[in-house]
Each structure stands twice: as C-alpha cells, then as structure tokens.
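When a ligand or atom number is given, it counts from 1 through the structure's own listing order. When reading the values below, keep in mind they use all heavy atoms of this one structure, side chains included, and skip hydrogens, waters and symmetry mates.
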Amino acid sequence: LEEVLFRILVVDDQTEVRAALKAILTVSGHTVFEAENGMKAQAFLEADQVDLVISDIQMPMVNGIELLTWIKSKTATPVIIITGFSHILETRTAFKLGADDFFTKPFSYKGILNAIERLLIKSSETTPPENLESLYCRIPIEDFVSSERVQINIYIRLSETKYIRVAHKGDQIPSVKVDAYKARGLDYLYARKEDFSQLVGFNMDLSQVLKEKSNISAEKKLRFLRYTTELILEHAFVNGINPKAFKQAAECLELVLSLITESQNLFEMLEILNTHAEWLYAHSLGVSVYSVMIGRKIGWTQQSTLFKLGASGLFHDIGQKEISKDLLVKGRPFLSIEERKQIETHASRGKDILLELKELSDDILQIVYEHHEDCTGQGYPRQVPSEKIHPLAKVISVADRFCYLAMAGPNSPGRTVKEVIQQMQVHHSHELDKVAFNALKSLCTNAEVGS
Ligand SMILES: [Fe+2]
Ligand SMILES: [Fe+2]
C-alpha cells in the first residue's frame with residue numbers, strides 16, 4: 001500500500017470484531033475509530049469526518065441499514081457492510097441503498113483490505129465493475145430441497161456485478177432459510193455456469209464464455225431459446241397433466257438449454273434437430289420435460305440427476321438426424337422390415353454422434369443408447385435385460401412413449417392424457433418400468449386415470 005493514511009470508522013456491537021478490524025487496519029497504516037452501534041456512529045460523524053465506514057448490520061439502537069441510509073443521504077462516504085451469514089438477505093436491501101461492498105462473517109482481512117484499496121486508493125482510476133451475468137446461471141428456488149446437500153456453491157444475486165455465496169458445496173440450505181428467501185421475493189438462486197455444467201454432466205469448454213468470444217451471437221441464442229420456450233408451451237403441455245409440476249420441469253429444462261447454448265457444438269445439434277423436423281425438436285423437448293417430471297415424482301431430488309434427465313431427453317433422438325425425413329414421417333405399420341431396421345439405428349447413431357462431440361458425460365451417452373431397450377429384454381439395439389438398463393434410460397423410455405402418443409406429430413393427432421395412459425396401460429405396460437410409469441400416472445390430474 002502507498003503511504004496514504006485513511007480515517008476509517010468501524011461500527012459493530014461486538015467488541016472482538018471491532019478490535020480485530022482495528023488491529024489489521026492499523027497495521028496497514030489507517031487511523032481507526034470505533035462505534036458500538038449506529039447511534040454512536042451518527043454522533044461521531046456529526047462531529048468528525050472519515051474516509052470510509054465499515055458497519056455491521058445487526059446492532060441495537062440504530063442498525064446498519066438505518067446508519068447506511070443516514071450516511072448516504074448526507075455524504076458520498078463509502079460504506080462497507082459486514083454481516084452475519086444469517087442476515088444475508090439484508091445485504092440486498094443494503095445494496096439497493098448504496099452500500100459499496102459487502103462481506104459476510106467470517107470474512108478475510110485480505111478481502112477487506114482489497115476493498116479499501118479499490119474504494120479509496122484507486123477510486124480516481126476506476127474501471128467499471130465487471131458484468132458477471134454471463135458467468136452465472138439461475139436456478140429456481142423451488143429446486144432446493146432442504147434435506148439435500150447442495151452439490152455446488154450457491155449464490156444470491158445482488159446486482160449484475162455482485163453475487164454473494166450463501167452455501168458451499170456440501171452444505172444444506174435449511175428449509176427456514178429457503179422459506180425466508182421466498183418470503184423476500186427471491187425466486188432464484190445462482191450457480192457459476194462452470195460448476196453447474198460439470199454437475200449436469202457437460203464437459204464443454206466454457207473458457208469461450210468467460211471471454212465472451214463465442215461464435216454464436218447472443219441475439220441468435222436468445223431468439224432460439226425464446227422460440228424453444230414457445231414450442232414447449234404450445235406443444236408439450238398436455239391437458240390433464242399437473243400444471244405446476246409441468247412448469248417446474250419446464251424451468252429446469254430452460255436452465256439446461258441456457259447451458260447448452262454456451263457450447264457451439266451442442267447448440268448446433270439442437271438447431272439441426274429443429275431444422276430436420278420441427279416436430280422432432282418439439283418431441284425432444286417434450287421427452288425432456290416429462291422425464292424431469294417423472295424423475296421428480298419418483299422422488300429423485302439430486303439436481304445432477306434431474307438435469308441429466310433433461311439433457312438426455314433433449315438429445316435422445318439426435319440419431320434421427322441421419323435418417324431421412326420421409327422415413328420418419330411414414331407410420332410404423334407402413335414400414336418394411338428393412339425400413340424399420342434403418343430407423344432403429346438411430347439409438348446407436350445418437351450415441352456415436354454425441355461420443356464424437358466429447359461434450360457430454362458417459363452416462364448421458366448410455367441413456368441415449370438405451371432409450372429403446374425395454375423391460376422385457378426385447379428392445380433395441382442390444383436387447384438388454386431390464387436390470388442392466390440405465391435407470392434414467394427407463395424414465396426417458398416412459399416419457400418417450402408418452403410424448404409419442406400424446407403430442408401431435410406426423411403419426412399422431414395428439415391425444416388426451418386419459419387416452420394415452422389407457423393405451424400405454426393396455427399395450428405397453430409390460431415393457432415399461434413400473435415405478436416410472438406409476439409416477440407418470442400420478443402426475444395426471446384426472447383421478448379416473450390409472451389402473
Ligand atoms: Fe428414439
Ligand atoms: Fe423419441
């Protein structure tokens with residue numbers, strides 16, 4: 001640090017915190033004043049001037065939020081807020097009120113010193129704070145089941161340039177905290193995209209994202225995502241399905257999609273699905289949404305599992321891009337044995353296409369490969385016995401059958417949930433995984449459905 005001495009007021013009702021801050025700041029050459037609450041701080045500031053205030057939030061008499069409001073109404077003095085982890089929500093308020101930086105206890109002294117340097121020494125040559133939005137993805141707060149440990153670091157977004165960590169990988173977020181977030185109007189928590197994509201089973205290189213050098217324009221991606229959302233709502237929702245569960249799963253899929261569009265290769269795969277046949281893309285989206293719904297209904301709560309279902313659903317029929325469209329639209333009864341075999345190659349083609357991309361984890365590849373295996377051991381391509389089929393492939397298979405029958409396509413007029421479930425019950429129940437099929441049935445709001 002340069003030989004600049006700043007006057008800093010430390011406001012905290014905990015003597016030890018004040019003493020620790022004073023010690024470290026004094027060593028760095030600053031002059032430190034102390035106040036044990038906001039009221040004392042106000043009295044001090046009425047009489048004297050400082051270059052910086054570092055204040056706790058929870059204090060008797062006048063608290064940190066009130067003090068901050070008072071200071072900002074009078075001066076441009078920078079204010080750093082420090083707060084206990086349990087009061088992290090107040091930091092949002094503090095941020096809106098103009099706090100200049102935040103630290104949660106226990107904080108690192110180095111972090112505080114850096115902030116001071118940034119706020120006071122370099123303020124003459126400020127560079128605009130970095131926009132972090134491209135580095136984070138948002139996760140619906142509904143997805144946080146408090147009994148589960150989070151598998152990655154989780155953040156709250158304060159602004160486009162400031163995210164604060166609220167849970168470490170391996171922590172649980174207690175339900176009271178989740179409820180408190182919701183009560184304050186927080187609909188989303190955030191994760192770093194690189195952490196998140198690993199969790200989902202993507203191996204894509206995100207360094208391009210970090211440098212914002214992707215070859216696909218943000219505008220193009222946005223347009224495609226918007227179009228996709230419309231497709232989901234228009235085609236994938238089937239009357240008689242629990243709308244709340246559907247909406248939740250659709251949000252989960254949108255998150256998966258937002259990651260996929262960060263990879264040029266995967267994004268191109270989606271576009272190819274769509275250009276090969278729009279209904280094929282709609283079908284893939286449907287399978288993705290219903291797989292997530294079924295997985296959740298079964299009781300799977302791990303985010304990695306649900307997102308893997310979402311991603312596998314999207315790409316399960318990618319092998320069909322190599323099958324001629326004429327063949328695909330021909331109804332199954334009209335296909336010759338040769339043609340049927342040709343179509344059935346799509347499962348292994350899909351696996352090979354994804355293998356070459358090297359951007360998806362092995363289990364997603366396996367799921368794609370096995371989505372037409374069935375529980376009688378008579379599926380394709382390998383006639384794998386039930387116990388050897390990947391458990392997520394069994395879910396995809398149920399969702400695939402459901403979407404094929406329920407959603408309008410070249411070979412289907414679209415059917416009601418009741419009709420579809422009955423048809424699946426009569427003709428396919430022996431092939432389908434019982435647990436997954438039962439979960440699908442219980443997602444149907446119509447009570448008469450089921451056996
Ligand atoms: Fe398929
Ligand atoms: Fe399919």
Side-chain angles (χ1 to χ4, degrees), residues 228 231-232 235-238 249 253 256-257 269-270 272-295 308-333 335 339-355 360 363-376 378-384 389-390 392-415 420 423-424 427-428 431-433 436-437 440:
T228 297
L231 272 191
I232 295 173
H235 297 284
F237 183 73
V238 178
L253 174 57
V256 174
L257 283 163
M269 284 298 135
L270 291 187
I272 287 170
L273 269 183
N274 186 53
T275 43
H276 195 58
E278 194 191 63
W279 52 263
L280 180 58
Y281 186 47
H283 166 78
S284 307
L285 293 169
V287 172
S288 192
V289 175
Y290 285 97
S291 301
V292 172
M293 283 168 76
I294 293 170
K308 257 176 201 155
L309 278 173
S312 311
L314 274 180
F315 293 113
H316 79 283
D317 274 339
I318 188 67
Q320 292 200 11
K321 83 180 176 75
E322 295 178 354
I323 313 282
S324 93
K325 206 172 152 184
D326 298 339
L327 218 53
L328 293 179
V329 299
K330 212 166 173 181
R332 213 168 155 76
L335 292 168
E339 288 174 325
R340 198 173 286 195
K341 280 201 173 132
Q342 173 76 8
I343 288 182
E344 291 181 354
T345 60
H346 81 272
S348 54
R349 285 173 192 268
K351 179 206 65 183
D352 293 341
I353 292 165
L354 298 179
L355 185 64
L360 296 172
D363 44 357
I364 293 179
L365 266 56
Q366 190 189 344
I367 296 163
V368 169
Y369 191 38
E370 293 179 353
H371 78 276
H372 283 290
E373 298 293 351
D374 76 39
C375 291
T376 62
Q378 298 301 309
Y380 64 84
R382 291 184 303 160
Q383 287 88 45
V384 176
I389 304 173
H390 193 290
L392 302 193
K394 295 179 180 181
V395 170
I396 298 281
S397 168
V398 170
D400 186 41
R401 191 72 58 141
F402 176 83
C403 289
Y404 181 76
L405 294 169
M407 293 169 63
N411 299 313
S412 165
R415 294 176 180 84
V420 173
Q423 190 156 345
M424 288 172 79
H427 299 289
H428 307 290
E431 299 163 0
L432 301 170
D433 179 72
F437 188 36
L440 173 67

Open item on the list: Strictly under 2.8 Å of the Fe ion (ligand 1): which protein N/O/S atoms qualify?
Closed with: Asp317 OD1, His346 NE2, His371 NE2, His372 NE2

- [ ] State which residues pass ring pair (Phe, Tyr, Trp, His ring centres under 6.0 Å) with His276; sequence neighbours excluded, sorted by chain then number.
- [x] none

Open item on the list: Which heavy atom of Ala393 sits nearest to which heavy atom of Ile367, and what is that distance?
Closed with: CA-CG2, 3.7 Å

Open item on the list: Looking at every non-hydrogen atom in both residues, tell me the closest pair between Ser312 and Ile396 and how far apart they are.
Closed with: CB-CD1, 3.9 Å

Open item on the list: Quick test of your reading of the model: are Glu344 and Arg332 salt-bridged, counting only N-O distances below 4.0 Å?
Closed with: yes

Task: Carboxylate-amine/guanidinium contact Glu370 Arg382, below 4.0 Å - done: yes

TODO: Would you confirm whether Glu373, through its side chain, and Ile389, through its main-chain N or O, come within 3.5 Å as a donor-acceptor pair?
DONE: no

Open item on the list: Under 2.8 Å from the Fe ion (ligand 2), is there any N, O or S atom belonging to Cys403?
Closed with: no

